[in-house]
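Read through the structure below, which is laid out as structure tokens, and then see the notes.
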Amino acid sequence: MTVPIRVLIVDDDALVRAGLSMILGGTGDIEIVAEAGDGSEVPPLVAAHRPDVVLMDIRMPDVDGLTATEALRAAQSPPEVVVLTTFHADAQVVRALRAGAAGFLLKDIPPRELVEAIRKVAAGEPILSPAVTRQLIAHVSEDGGGAGRRTDRARGLLAKLSERERDVALAVGQGKSNAAIGGELYMSVATVKAHVSRILTKLDLNNRVQIALMVYDASL
């Protein structure tokens with residue numbers, strides 16, 4: 001039997017938690033291991049239940065999802081974090097992605113897409129579509145605070161990559177899938193995945209989202 005994907009739901013709205021639990025719990029391959037109403041409850045629940053994926057609301061009364069995400073992703077062997085929001089790409093969502101969240105989902109996402117997103121994240125795949133990536137690019141480009149420092153840092157990181165790794169990083173920044181990158185750069189999908197893994201290791205990044213943000217920061 002396939003080992004189920006273990007999910008922790010974090011949202012201060014009990015109705016939202018109940019709805020998410022009902023949708024995900026009925027799939028057969030996803031198990032809701034715990035629920036939390038505030039970010040302060042997340043560390044002990046993660047330690048006790050070892051979820052694969054945390055669905056994290058941004059706005060909560062005590063410890064918000066942004067703070068909880070930053071703390072989680074700074075720990076050793078953290079679960080993947082998917083941010084739940086009612087906004088497409090506001091400053092808090094971008095900050096959560098910079099902290100290492102694997103992506104974000106709108107709270108009105110259709111149930112089938114929600115389930116597929118959880119499966120993708122658990123499998124280590126990105127959940128930022130090209131359309132969402134374009135929105136993210138626009139939002140990051142409007143965020144002037146510290147832009148110069150981020151640009152210098154991002155270009156310094158890109159300079160550490162080989163030419164082929166840089167090509168792959170730029171394609172990831174455009175929101176392209178592994179298959180699309182392989183077709184464009186004449187590589188197998190397995191080779192693209194290997195390049196992505198090397199980029200993450202070499203630059204000490206968490207996921208493809210952070211590669212994309214680095215590319216945006218570098219103004220490329």
Side-chain angles (χ1 to χ4, degrees), residues 1-90 92-129 132 136 177 193 200 205-210 212:
M1 293 179 62
T2 303
V3 177
I5 301 165
R6 299 170 60 81
V7 175
L8 166 63
I9 298 173
V10 186
D11 196 294
D12 64 337
D13 189 325
L15 287 176
V16 171
R17 294 199 306 272
L20 291 170
S21 182
M22 182 176 64
I23 292 168
L24 297 174
T27 61
D29 62 339
I30 297 174
E31 176 186 0
I32 307 303
V33 295
E35 297 180 13
D38 190 80
S40 61
E41 302 170 38
V42 171
L45 288 175
V46 167
H49 298 283
R50 307 302 300 172
D52 302 302
V53 179
V54 177
L55 273 178
M56 183 82 76
D57 186 22
I58 284 285
R59 291 166 176 82
M60 291 181 286
D62 186 9
V63 175
D64 63 32
L66 180 56
T67 302
T69 296
E70 290 174 336
L72 266 187
R73 294 302 304 178
Q76 287 191 339
S77 303
E80 297 292 349
V81 177
V82 177
V83 172
L84 288 169
T85 181
T86 54
F87 300 90
H88 280 268
D90 69 0
Q92 288 182 307
V93 171
V94 173
R95 187 174 153 194
L97 295 175
R98 289 192 187 281
F104 68 92
L105 299 173
L106 298 179
K107 288 189 176 181
D108 61 358
I109 185 173
R112 181 178 299 178
E113 293 181 22
L114 170 65
V115 171
E116 286 305 311
I118 296 300
R119 289 171 177 159
K120 283 185 177 181
V121 169
E125 299 177 24
I127 60 168
L128 288 183
S129 68
V132 171
L136 193 59
S177 66
K193 288 182 178 179
L200 294 173
L205 300 175
N206 288 308
N207 51 46
R208 293 170 69 106
V209 177
Q210 289 194 328

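Starting from 1, each residue takes its place in the sequence as its number. Predicted model only: the values in this text are computed from it and were never measured.
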Look only at the side chain of R73 and the backbone of P79, and say whether a donor-acceptor pair between them is shorter than 3.5 Å. yes
Pairs of donor and acceptor atoms involving the side chains of residues 101-118, under 3.5 Å and at least two apart or interchain, shall be tabulated with distances.
from	atom 1	to	atom 2	distance (Å)
K107	NZ	D11	OD2	3.0
K107	NZ	D57	OD1	3.2
E116	OE2	R119	NH1	2.7

Go through it in stages, so that I can follow the logic: the residues are I9 and I32, the test is side chain to side chain contact (heavy atoms under 4.5 Å, CB included), and I'd like the CA-CA distance, side-chain angles, deciding distance and then a yes or no. CA-CA 7 Å; I9 298 173; I32 307 303; 3.9 Å; yes
Residue among L72, L55, L45, V81 satisfying side-chain contact (heavy atoms from CB on, under 4.5 Å) with L8: L45
Is there side-chain contact between D29 and P4, with heavy atoms separated by less than 4.5 Å? no
Minimum heavy-atom separation for A99 and E70, please, with both atom names. CB-CG, 3.5 Å
Specify the closest pair of heavy atoms between P51 and V33, including all atoms of both residues, with the distance to one decimal. CB-CG2, 4.1 Å
Looking at P78 and A75, what are the two nearest heavy atoms and their distance? CD-O, 3.4 Å
Roughly how far, to the nearest 0.5 Å, is OG of S177 from CZ of R208? 7.5 Å
How many angstroms lie between CG in L205 and CG in L200, if you round to the nearest 0.5 Å? 6.0 Å
For residues 43-53, the side chain to side chain donor-acceptor pair (under 3.5 Å) pairs (sequence neighbours left out) are none
Calculate, to the nearest 0.5 Å, the distance between atoms CG and CG belonging to L84 and L20 respectively. 6.0 Å
Any chance you could measure R6, atom CZ, to I30, atom CD1, to the nearest 0.5 Å? 13.0 Å
D38 side chain to E41 main-chain N or O, any donor-acceptor pair under 3.5 Å? no
T69 and R95, any side-chain heavy atoms less than 4.5 Å apart: no
Could you give the distance from CD1 (I5) to CD (E80), rounded to the nearest 0.5 Å? 11.5 Å
Evaluate the side-chain proximity of V53 to V82: yes if any heavy-atom separation is below 4.5 Å, no if none is. yes
Interatomic distance, CZ@R17 vs CG@D12, rounded to 0.5 Å, equals 8.0 Å
From L66, T85, V10, residue fulfilling side-chain contact (heavy atoms from CB on, under 4.5 Å) relative to M56: V10
